[in-house]
Amino acid sequence: VDVVEICGGACRVPWVKEMCSTAFGGKDLSMTMNADECVARGCTIQAAILSNLYKTRDFKVEDFSPFAVSLGWRFPLDAA
């Protein structure tokens, strides 16, 4: 993996950035693209892969969350 690009609201959370960086061996994360640009770029690359007119390198486009995300509070909300 040469470049790791993350986008969306969660990419602004320090813990998420740290976990993503750790998962890719401490690699610096890029957050330069907005969500719409990521979708458009992914669609373009996937269309080129499916087309017989273009030659592309092996590339995989994935969009999923394998883990459930849940939030909890340690203290009652009115204690804040």
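- Listed here is the closest heavy atom pair of Glu5 and Ser30: OE1-OG, 2.8 Å.
- Atom CD of Glu37 is separated from atom OG1 of Thr44 by 10.5 Å, given to the nearest 0.5 angstrom.
- The SG atom of Cys7 sits 8.0 Å away from atom CG of Asn34, with the distance rounded to the nearest 0.5 Å.
- With a 4.5 Å cut-off on side-chain heavy atoms, Lys17 and Met31 count as touching.
- Summarising the geometry, atom CD1 belonging to Ile45 is positioned 12.0 Å from atom CG belonging to Leu50; distances are rounded to the nearest 0.5 Å.
- Taking hydrophobic clusters as Ile, Leu, Val, Met, Phe, Trp and Tyr residues chained together by side-chain heavy-atom distances below 4.5 Å, Met19 shares a cluster with Val13.
- Of all the heavy atoms in Cys20 and Leu29, the pair that sits closest is CB-CD1, 3.8 Å.
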